[in-house]
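Working notes, beginning with the structure itself.
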Protein chains: 2
Amino acid sequence: MIKKSKLDKYRNLTRDREEGYVNIHPIQRGGVLTPAARKALLEFGDGYSACDYCIKGRLDLIKKPPIQDFVADLAEFLGMDEARVVTRCREAKYIVFRMLAEPGGTIVVDALAHYTTYLGAEACGLRVKEVPHTGHPEFKTQIDAYADKIEEVKRETGKSPALVLLTHVDYLYGNLSDAKAVGKIARQYDVPFLLNAAYTAGVMPVDGKSLGADFIAASGHKSWAAAAPVGILALNNEYSEKVLARSKIVGESSGRKFPIKELGLLGCTVMGAPLFTLMASFPHVVERVENWGEEVKKARFAVEELERIEGTKQLGVKPKEHTLTHFESDGFYRVSQKHKRRGWFLYDELMERSVSGLQPGLTKHFKINTYGLTWDQVKHATRAFQDIAEKYKLEVK
Amino acid sequence: MIKKSKLDKYRNLTRDREEGYVNIHPIQRGGVLTPAARKALLEFGDGYSACDYCIKGRLDLIKKPPIQDFVADLAEFLGMDEARVVTRCREAKYIVFRMLAEPGGTIVVDALAHYTTYLGAEACGLRVKEVPHTGHPEFKTQIDAYADKIEEVKRETGKSPALVLLTHVDYLYGNLSDAKAVGKIARQYDVPFLLNAAYTAGVMPVDGKSLGADFIAASGHKSWAAAAPVGILALNNEYSEKVLARSKIVGESSGRKFPIKELGLLGCTVMGAPLFTLMASFPHVVERVENWGEEVKKARFAVEELERIEGTKQLGVKPKEHTLTHFESDGFYRVSQKHKRRGWFLYDELMERSVSGLQPGLTKHFKINTYGLTWDQVKHATRAFQDIAEKYKLEVK
């Protein structure tokens, strides 16, 4: 028996942070729920709330609530033929790797790919061939090198890579890469192309058809105003038979079989609340991607304001084309070296100014994301950085 | 561009069913949220809400909110050494299959195993050897046959099975199987033992140590008063190095590596709302498993009352030891043959009497679950069945 006293810490779980703070957390901005999604959370909070009217035994075929319509609308919105809701963007990638590639095969990915791209490949027994970037300070993925790397794989293994993957916007510098160019190269070499749109689909327009993507992986909790965990796998018909293959196993003695269930998904995926937040936020998401230009302006403004601080500069491609932004600050780093709280001082000082979301301990390199903040909030956050700089005698131009 | 008119159906998603109905849905009773969990939903609804204070880059190592404590407390509660929160019970099983077994290997499972046991094995390239049950009307899994089947696998393949799996309570008849006996057999043959406790852990006491389980897979949305999707993987130290192995991949050119991330989990799993419902409901769950006896009484009462209806009998082991109950009703089936709504009549009539959760269309075989209903609700539901029987001239003894 577990001691009852151990349970007290679970009795009033609070986040203690969102309200009253301007949150600039690099991965949290696109996942802030809409009011409609908050309502859906309560409406569909209980366990298997998706299953009230399940007749066919598969989540994406449920008509009420309109899940079957939703996956079709999702596909259309992303310019793809089909879509499935899965537990996370990483699962979407893993499903494609698992169902499309043979163990021992190779995939070609940008060297700024999310760690889950590497883990997914590792779990499937795949080798990863990396497409380089230009290094400091731009870290721009060398798109043309996709062709070289495909050739390299062919020379080394005698076979084409199983897949090329591009991280549309990377997690580290927030660089937007030219997906259309990768799509063209992939088509030339007849290699399927997976676009990891975790940081793009849901916040900016992404059209798989015009980009030449065979697969799009997206993240509901990162970029679609949805509760975690929920991801999206969108794909073209050409690959749906293989990647959405149905179960073929037959019980040796029982004869049981499950021909409706999709093997790579292990049957049903998100049968509750996060799915409904994704659906409830969808009308808002469809509208908000059209305002992307304004969001980019806010990011550029933040860069301008933070770069006024002594020894502080934005890394990655300039000007910003995405709201996730990486700063290198020798200025704040020098302050941290003499501060009794060391690197934590910047986090502390920001929190005192009601700005949350900086990773505690970081000063020399840190990331922020201004997506979805009001102009007043962006100004408040950048002014907080400048105010802290001034307090510690860094020049603010 | 997607047509705006298509979006209207997502603007006011409602479940339209819970309030005012007595829900007897076979898989929904154990997942009804506690008030504390409903509060946690709103508190942690936004996207990556678990990641505010993430320092080490792994969900189960986050100290605030107390996720690190929680996985330890979960393990203790289940009588196991370690635990992880994963996206679904099926993922817990898949992770064990994937990390423990080699493709081409064999696992021994009860022939009433959940479909995801078969799919997980299929996805891992494993053969499934089935342990038979006694067939109609008890469908009791022949626990002793686990030994025979292990021997059979050895004869046929020259190797021990990679794993034996028992579905603690099966999805179809709600039979409780003797896990301790399987644990003993597994130990005799030195084969690891996975207990699928989707229908048991969280509603009744389950102690892995005394049952001899090496792994327990459990379902938050099925049995822990949590929002979907969330599962639990609990395991003993003996297997943690292998099943929770960390990533070893190194980027060929970049040198990037991710040695903190657990490969089988693809890194972090449930970084938002469902995890916090699981945590918020945990104190309640720890208490409620002690009241299991009363829940079984309700199930037995329901059997008694429904068996008073002409041509209606409970299938599976008698008396009931679990609240998931399967009925065979020649009576209701005969009515359906002449009814203009055919099999749907029973669903319709129950809904008219404010009883929801019967699978629409079923009459000859249907399942109900009385878990967590008040005695008044159980009586209302059983009275509804009797009332419908009387309306259609079936005798009610």
Side-chain angles (χ1 to χ4, degrees), chain A residues 2 6-7 9-11 13-15 17 27-28 31-33 38 40-41 43-49 52 65-66 69 73 76-77 87 90 94 111 115-116 118-120 122-123 130 132 221 227-229 247 249 251-254 258 261 263 266-267 270-273 276 279-280 282-283 286, chain B residues 2 6-7 9-11 13-15 17 27-28 31-33 38 40-41 43-49 52 65-66 69 73 76-77 87 90 94 111 115-116 118-120 122-123 130 132 221 227-229 247 249 251-254 258 261 263 266-267 270-273 276 279-280 282-283 286:
Chain A
I2 193 162
K6 281 196 176 182
L7 303 176
K9 59 183 169 296
Y10 307 117
R11 287 192 200 278
L13 293 171
T14 52
R15 200 167 166 203
R17 177 176 252 226
I27 63 173
Q28 291 181 339
V32 176
L33 296 187
R38 299 184 78 80
L41 260 188
E43 196 73 34
F44 295 91
D46 287 341
Y48 283 101
S49 56
D52 287 338
D69 282 345
D73 290 342
E76 185 183 340
F77 176 59
T87 64
R90 63 194 68 187
Y94 179 76
Y115 83 85
T116 55
Y118 289 84
L119 259 68
E122 185 179 3
E130 293 172 305
H221 43 275
S247 170
I249 197 169
E252 280 189 2
S253 337
S254 69
F258 320 96
K261 310 286 188 182
L263 181 64
L266 298 176
V270 182
M271 53 299 263
F276 295 103
M279 288 169 67
F282 187 55
V286 168
Chain B
I2 194 163
K6 282 196 174 181
L7 302 176
K9 58 184 170 296
Y10 308 117
R11 288 193 199 278
L13 293 171
T14 51
R15 200 167 166 202
R17 174 174 254 223
I27 64 172
Q28 290 180 340
V32 176
L33 296 187
R38 297 185 78 80
L41 260 188
E43 197 73 34
F44 295 92
D46 287 341
Y48 284 101
S49 56
D52 287 337
D69 283 345
D73 290 342
E76 185 183 339
F77 176 59
T87 63
R90 63 195 67 186
Y94 178 76
Y115 82 85
T116 55
Y118 288 83
L119 259 67
E122 185 179 2
E130 294 171 305
H221 43 275
S247 169
I249 196 169
E252 280 189 1
S253 336
S254 69
F258 320 96
K261 309 287 188 182
L263 181 64
L266 298 176
V270 182
M271 52 299 265
F276 295 104
M279 289 170 66
F282 186 54
V286 169

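Here is the naming used below: chain letters follow the sequence lines, and residue numbers restart at 1 for every chain.
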Exercise. With a 4.5 angstrom heavy-atom cut-off, which part of B:Thr116 approaches chain A: side chain, backbone, both or neither?
Worked result: side chain

Exercise. For the candidates A:Gly31, A:Gly267, A:Pro229, which exhibits the highest count of non-hydrogen atom pairs separated by less than 4.5 Å from chain B?
Worked result: A:Pro229

Problem set entry | Leading residue by heavy atom contact count with chain B [cutoff under 4.5 Å; candidates A:His221, A:Glu43, A:Glu122] | A:Glu122

Exercise. Which bit of B:Tyr94 is near chain A, if near means a heavy-atom gap under 4.5 Å: side chain, backbone, both or neither?
Worked result: side chain

Seminar exercise, completed: If you tally heavy-atom pairs under 4.5 Å between each of A:Ala111, A:Pro132, A:Ala123 and chain B, the highest tally belongs to A:Ala123

Exercise. Non-hydrogen atoms of chain B under 4.5 Å away: do they reach the side chain of A:Ser49, the backbone, both or neither?
Worked result: both

Exercise. CG of A:Asp69 to CE of A:Met279: how many Å apart, nearest 0.5 Å?
Worked result: 8.5 Å

Exercise. Among B:Ser254, B:Ala273, B:Ala280, which has the most heavy-atom pairs under 4.5 Å with chain A?
Worked result: B:Ser254

Exercise. In Å and rounded to the nearest 0.5 Å, what is the CZ to OG1 distance from B:Phe276 to A:Thr14?
Worked result: 10.5 Å

Exercise. Just wondering, do A:Pro66 and B:Leu13 contact through their side chains at under 4.5 Å, heavy atoms?
Worked result: yes

Exercise. Does B:Glu130 use its side chain to pair, donor to acceptor, with the backbone of A:Glu252 at less than 3.5 Å?
Worked result: yes

Seminar exercise, completed: What one should report as the nearest heavy-atom pair of A:Asp73 and B:Lys9 is OD2-NZ, 3.1 Å

For this session: Examine whether an atom of B:Pro283 lies under 4.5 Å from a heavy atom of chain A, and if so say whether it belongs to the side chain, the backbone or both; otherwise answer neither.
Result: both

Exercise. Any idea which of A:Ser247, A:Ser253, A:Gly272 has the most non-hydrogen atom pairs under 4.5 angstrom with chain B?
Worked result: A:Ser247

Seminar exercise, completed: Highest number of heavy-atom pairs under 4.5 Å with chain B among A:Phe282, A:Tyr48, A:Phe77 belongs to A:Tyr48

Problem set entry | Aromatic ring pairing B:Phe258/A:Tyr118, orientation class (parallel under 30°, perpendicular over 60°, tilted between) | tilted

For this session: State, yes or no, whether a side-chain contact exists between B:Arg38 and A:Asp46 at a heavy-atom distance under 4.5 Å.
Result: yes

Exercise. Which one of A:Leu119, A:Val286, A:Val270 has the most heavy-atom pairs closer than 4.5 Å to chain B?
Worked result: A:Leu119

Exercise. Nearest heavy-atom pair of B:Gln28 and A:Asp52: which atoms, and what distance?
Worked result: NE2-OD1, 3.0 Å

Exercise. Tell me, side chain or backbone of A:Thr87 under 4.5 Å from chain B's heavy atoms, or both, or neither?
Worked result: side chain

